[in-house]
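In what follows, a single structure is set out as structure tokens and then discussed.
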Amino acid sequence: MTHTQIRVRFAPSPTGHLHIGGARTALYNWLYARKTGGVFVLRIEDTDAVRSTEESYHAIIDALEWLGLDWDEGPVKDGPFGPYVQSARQVLYHTESQKLLEQGMAYHCFCTPDELEEMRSEALQQRESTRYDGRCRNLPRDEIEYRLAKKVPHVVRFRMPDGETRFNDLIRGLITFQNKELDDFVLVKSDGKPTYNFAAVVDDARMRISHVIRGDDHLSNTPKQVLICKALGYAVPKFAHLPMILGSDRTRLSKRHGASSVQEFRRIGYLSDSLVNYLALLGWAYDDKTEFFTRESLIKKFSLKKVSKNPAAVDPNKLDHIDGEHFKRLDAIKRVSLVYEKLLEEKILPAGFRPEEWAGRGTGNGVTDPTLRPGAADEAAYREELPRLAIILKVMGNRLKNLKDVREKLAYFYRDDYPRDAEASKTYLSSPESAARLTQLADRFEKLEPFDRGEIERTTRELAEEEGIKAADLIHPCRVALTGQSVSPDIFSVVHLLGRKKSVERMRTAALESTAHTGRDVGS
RNA sequence: GGCCCCUUCGUCUAGUGGUUUAGGACAUAUGGUUCUCAGCCAUAAAACAGGGGUUCGACUCCCCUAGGGGCUACCA
């Protein structure tokens with residue numbers, strides 16, 4: 001075994017979804033391992049029997065896989081230092097705690113939770129420290145044997161030595177704690193399970209972890225862990241404590257802050273590449289310019305030395321921007337299939353959607369692919385719609401910045417119950433003139449041959465000129481009639497993509513509604 | 001309360017004693033282009049928490065104060 005091999009780990013507890021704070025910790029560990037040619041270990045810390053769930057375990061595994069953070073050793077992918085789930089390592093914690101007990105570095109404590117609670121509230125009242133007072137520290141040997149034999153519930157506590165404990169944090173430098181500030185903390189709970197501090201140290205040592213990279217909420221636990229290491233004769237790993245990630249209001253991340261789990265970001269439609277890129281930037285920067293990174297470029301550029309010390313607040317705007325950058329760079333095929341999936345997920349694509357009804361053959365719009373099989377089953381719907389969707393995306397251009405906006409920006413291409421902006425209708429569809437113009441324009445579209453973008457524009461401008469009005473006076477009502485919004489891509493392309501049938505239909509409906517609203521006949 | 005950590009534009013950050021009138025990005029505002037929007041181009045506003053030192057010189061080093069965060073569980 002090489003002693004220089006770098007081994008890092010991500011050790012989540014399966015008590016909920018993977019938070020973006022945890023995701024960032026996992027990412028930095030992964031990056032460090034990949035950068036140094038080291039090993040990335042995944043370990044599940046499920047010593048809290050009450051809060052750990054199978055569901056959370058799967059959620060975390062899924063999230064890591066989605067982020068592309070593959071581990072070299074861990075659940076699913078076994079390695080030489082397994083098992084990698086703490087509940088399966090019970091014997092080990094037991095033997096290690098026995099060692100400590102035998103050497104007198106730990107002791108049995110029979111205090112009940114009630115006693116401890118009393119101790120604590122008393123200390124609080126006297127405005128004293130709430131540390132354990134050590135009343136079981138020096139129980140007579142036979143007394144201990146007796147209670148143990150009688151199976152009196154007990155825990156194992158660490159016998160805190162005098163002196164001070166220091167360690168050199170890779171990000172924060174030398175940190176010193178006075179041991180008397182730490183108390184005789186619990187190593188083994190009364191159910192026989194190890195506490196976090198104990199299990200983590202034992203596993204880190206047995207798994208040969210060389211660098212512990214984790215959130216800075218663990219900074220205060222570190223001296224305890226160093227002390228356990230020393231008591232057990234383990235080599236002390238190097239530590240790197242990452243700054244915390246805060247909500248946009250700079251308080252601790254919680255449900256109030258909207259999306260905070262990887263799973264939610266995924267559901268909203270962020271690309272995993274984007275989340276990885278954004279998370280990397282939360283607490284780390286390569287230089288004063290570069291902010292677009294792929295996993296590969298991050299591996300090249302990442303360095304623990306450049307990790308910042310101060311907590312970072314999540315900025316949804318910046319995430320959106322980064323996401324847009326990645327979305328923009330997607331190749332066309334990939335983008336089309338991602339958007340198609342999103343359309344399905346969002347249930348925008350109605351079951352049994354038939355492209356030809358919208359812009360299909362015979363409308364002369366040239367959108368359909370002649371190689372497509374007619375009457376295809378639903379599974380083939382994708383293949384059928386693909387060419388049209390590709391053109392929709394091309395026409396949308398950079399207006400569709402990400403997957404997140406698919407619902408809002410693409411619905412009118414796929415269904416008739418797309419959202420309508422009341423303000424837009426009021427502005428462009430409420431006058432008698434607009435109804436009349438829509439009708440005139442629809443009449444022309446009905447007869448237009450060929451029905452392509454160029455002809456659509458030509459006839460629209462022609463009508464405007466004949467009527468002595470600006471083209472915009474035709475364009476705006478038409479846009480609202482077709483899309484329900486006052487913003488859209490190039491309107492002639494939209495008419496073309498929607499097809500003659502749908503376009504004319506929507507324009508006539510809008511004209512009718514407009515007439516109904518004004519309450520009188522607007523015929524010539 | 002005790003201990004530990006942190007403090008550059010609204011946000012993420014660059015900056016490691018002089019090259020700085022403190023740079024970039026997001027967001028914001030204004031103008032140009034256009035059928036709207038987006039985009040693109042140009043421009044603007046925006047920060048070294050406060051106070052003491054050290055030094056010829058401090059955003060950079062030290063101390064204090066303030067603010068924020070963490071730990072102080074038989075949670076992790």
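Side chains included, hydrogens not; waters and symmetry mates left out as well; all remaining heavy atoms used. Every chain is numbered from 1, with letters handed out A, B, ... down the list of sequences. Being a predicted model, the structure only gives us computed values, none of them experimental.
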Just checking A:Gly397: base, sugar-phosphate only, or nothing, at a heavy-atom cut-off of under 4.0 Å? nothing

Please determine whether a side-chain nitrogen of the Lys or Arg among A:Glu465 and A:Arg461 lies less than 4.0 Å from a carboxylate oxygen of the Asp or Glu. no

Using the C1' atom as the reference point in each nucleotide, state the distance between B:G23 and B:U16 in Å, no decimals. 16 Å

Are A:Arg24 and A:Tyr28 close enough that some pair of their side-chain heavy atoms sits under 4.5 Å apart? yes

Can you tell me how far P of B:G67 sits from CZ of A:Arg250, to the nearest Å? 16 Å

I'd like a table of atom pairs between the protein and nucleotides 23-27 of chain B - only N or O on both sides, under 3.5 Å - with the distance next to each one.
unit_1: B:A25; atom_1: O2'; unit_2: A:Glu291; atom_2: OE1; d: 2.7
unit_1: B:A25; atom_1: O2'; unit_2: A:Glu291; atom_2: OE2; d: 2.8
unit_1: B:A25; atom_1: O2'; unit_2: A:Lys318; atom_2: NZ; d: 3.3
unit_1: B:A25; atom_1: N3; unit_2: A:Lys318; atom_2: NZ; d: 3.2
unit_1: B:C26; atom_1: O2'; unit_2: A:Asn317; atom_2: O; d: 3.4
unit_1: B:C26; atom_1: O2'; unit_2: A:Lys318; atom_2: N; d: 3.3

Would you mind classifying the nucleic acid contact of A:Thr222 as base, sugar-phosphate or nothing, using non-hydrogen atoms under 4.0 angstrom? nothing

Every protein N/O lying under 3.5 Å from an N/O of nucleotides 29-31 of chain B:
none

With sugar-phosphate meaning primed atoms plus P, OP1 and OP2, does A:Pro489 contact a base, only sugar-phosphate, or nothing at under 4.0 Å between heavy atoms? base

Need to verify one output field. Residue with the more 5' nearest nucleotide on RNA chain B, A:Arg461 or A:Leu246? A:Arg461

Taking OP1 and OP2 of B:C75, is either one under 4.0 Å from a side-chain nitrogen or oxygen of A:Lys189? yes

Starting at CG of A:Leu242 and ending at C1' of B:C12, how long is that distance when rounded to a whole Å? 15 Å

Could you tell me which nucleotide pairs with B:G39 by Watson-Crick or G-U wobble geometry, both distances under 3.5 Å, or answer none if nothing does? B:U33

Pairs flagged by ring-ring contact (aromatic ring centres under 6.0 Å, His included) wherever residues 463-490 of chain A is involved - sequence neighbours left out: A:Tyr428-A:His476

In a check of salt bridge (Lys or Arg N to Asp or Glu O under 4.0 Å) between A:Asp204 and each of A:Arg9, A:Lys238, A:Arg214, which one passes? A:Arg9

With sugar-phosphate meaning primed atoms plus P, OP1 and OP2, does A:Val155 contact a base, only sugar-phosphate, or nothing at under 4.0 Å between heavy atoms? base

What's A:Ser486 touching, base or sugar-phosphate or nothing? Going by heavy atoms closer than 4.0 Å. base

Could you state the CD1-P distance from A:Ile20 to B:C12, rounded to the nearest angstrom? 12 Å

Give me the distances for all protein-to-nucleotides 2-8 of chain B N/O pairs that come in under 3.5 Å?
unit_1: B:G2; atom_1: O2'; unit_2: A:Glu181; atom_2: OE1; d: 3.1
unit_1: B:C5; atom_1: O2'; unit_2: A:Arg172; atom_2: NH1; d: 2.5
unit_1: B:U8; atom_1: OP2; unit_2: A:Asn310; atom_2: ND2; d: 2.9

Any residue in residues 43-58 of chain A with a heavy atom nearer than 4.0 angstrom to RNA chain B? Just list them by number, or reply none. A:Glu45, A:Thr47, A:Asp48, A:Arg51

For A:Thr130, report the nucleic acid contact type (base, sugar-phosphate, nothing); a contact means any heavy atom under 4.0 Å. sugar-phosphate

Say we look at B:A27 and B:A47: how far apart would their C1' atoms be, to the nearest angstrom? 15 Å

A:Ser260 and A:Leu253: CA distance, side-chain angles, deciding distance, side-chain contact (heavy atoms from CB on, under 4.5 Å) verdict: CA-CA 7 Å; A:Ser260 62; A:Leu253 223 42; 4.2 Å; yes

Could you tell me how far B:G24 sits from B:A46 if I compare only their C1' atoms? Round to whole Å. 14 Å

Hey, does A:Asp217 reach any base, or is it just sugar-phosphate, or nothing, if we go heavy atoms under 4.0 Å? sugar-phosphate

Which of these, A:Phe293, A:Phe292, A:Tyr278, sits in a ring-ring contact (aromatic ring centres under 6.0 Å, His included) with A:His326? A:Phe292

Regarding A:Glu55 and A:Thr53, is there a side-chain donor-to-acceptor distance under 3.5 Å anywhere? no

Under 4.0 angstrom, heavy atoms only, what part of the nucleic acid is A:His241 near: base, sugar-phosphate, or nothing? nothing

Test side-chain contact (heavy atoms from CB on, under 4.5 Å) on A:Tyr270 and A:Val262 and set out the steps. CA-CA 10 Å; A:Tyr270 290 101; A:Val262 170; over 6 Å; no

Where do N or O atoms of nucleotides 58-61 of chain B meet protein N or O atoms at under 3.5 Å, pair by pair?
none

Set of residues satisfying ring pair (Phe, Tyr, Trp, His ring centres under 6.0 Å) with respect to A:Tyr196, sequence neighbours excluded: A:His218

Can you tell me the base-pairing partner of B:C71? Count Watson-Crick or G-U wobble geometry only, both distances below 3.5 Å, and say none if there is no partner. B:G2

Position toward the 5' end of RNA chain B (nearest nucleotide), A:Pro243 or A:Val188: A:Pro243

If pairing means Watson-Crick or G-U wobble with both distances under 3.5 Å, then the partner of B:A58 is none

Can you tell me how the ring of A:Phe451 sits relative to the ring of A:Phe445, calling it parallel under 30°, perpendicular over 60° and tilted otherwise? perpendicular

Just by distance, with hydrogens left out, do A:Gln86 and A:Asp46 show a side-chain donor and acceptor under 3.5 Å apart? no

Restricting to pairs with a member in residues 269-281 of chain A, which pass salt bridge (Lys or Arg N to Asp or Glu O under 4.0 Å), not counting sequence neighbours? A:Asp273-A:Arg295

By the Watson-Crick or G-U definition, both distances under 3.5 Å, B:U19 is matched with none

Roughly how many Å apart are B:A29 and B:G68, using the C1' atom of each and rounding to a whole number? 31 Å

How close or far is atom P of B:C37 from atom CG of A:Leu482, stated in whole angstroms? 18 Å

Using both distances under 3.5 Å as the test, list the Watson-Crick or G-U wobble partner of B:U28, or none. B:A44

Compute both the distance and the angle, then confirm whether A:Arg420 meets the cation-pi test with A:Tyr418: under 6.0 Å from the six-membered ring centre, within 45 degrees of the axis. yes

Indicate whether OP1 or OP2 belonging to B:A76 is found under 4.0 Å from a side-chain N or O atom of A:Thr15. no

What does A:Lys193 touch in the nucleic acid at a heavy-atom separation under 4.0 angstrom: a base, only the sugar-phosphate, or nothing? nothing

Short of 4.0 Å, heavy atom to strand atom, which residues of residues 107-118 of chain A count as contacting RNA chain B? A:Cys111, A:Pro113, A:Leu116

Suppose we screen for salt bridge (charged side-chain N to carboxylate O under 4.0 Å, His left out). Which residues come up paired with A:Asp184, at least two apart in sequence or across chains? A:Arg137

Inter-nucleotide C1' distance (B:U20, B:A14), Å rounded: 12 Å

Polar-atom pairs under 3.5 Å, protein N or O versus N or O of nucleotides 40-47 of chain B: list them with distances, or write none.
none

Under 4.0 angstrom, heavy atoms only, what part of the nucleic acid is A:Lys305 near: base, sugar-phosphate, or nothing? nothing

Strictly below 4.0 Å, heavy-atom distances to any atom of RNA chain B: list the hits from residues 471-480 of chain A, or just say none. A:Ile475, A:His476, A:Arg479

So, does A:Arg252 get its side chain near the phosphate of B:G70, meaning an N or O under 4.0 Å from OP1 or OP2? yes

Less than 4.0 angstrom between a side-chain N/O of A:Lys224 and OP1 or OP2 of B:A76, yes or no? no

What is the distance, rounded to the nearest whole Å, between atom CZ of A:Phe185 and atom C1' of B:C75? 15 Å

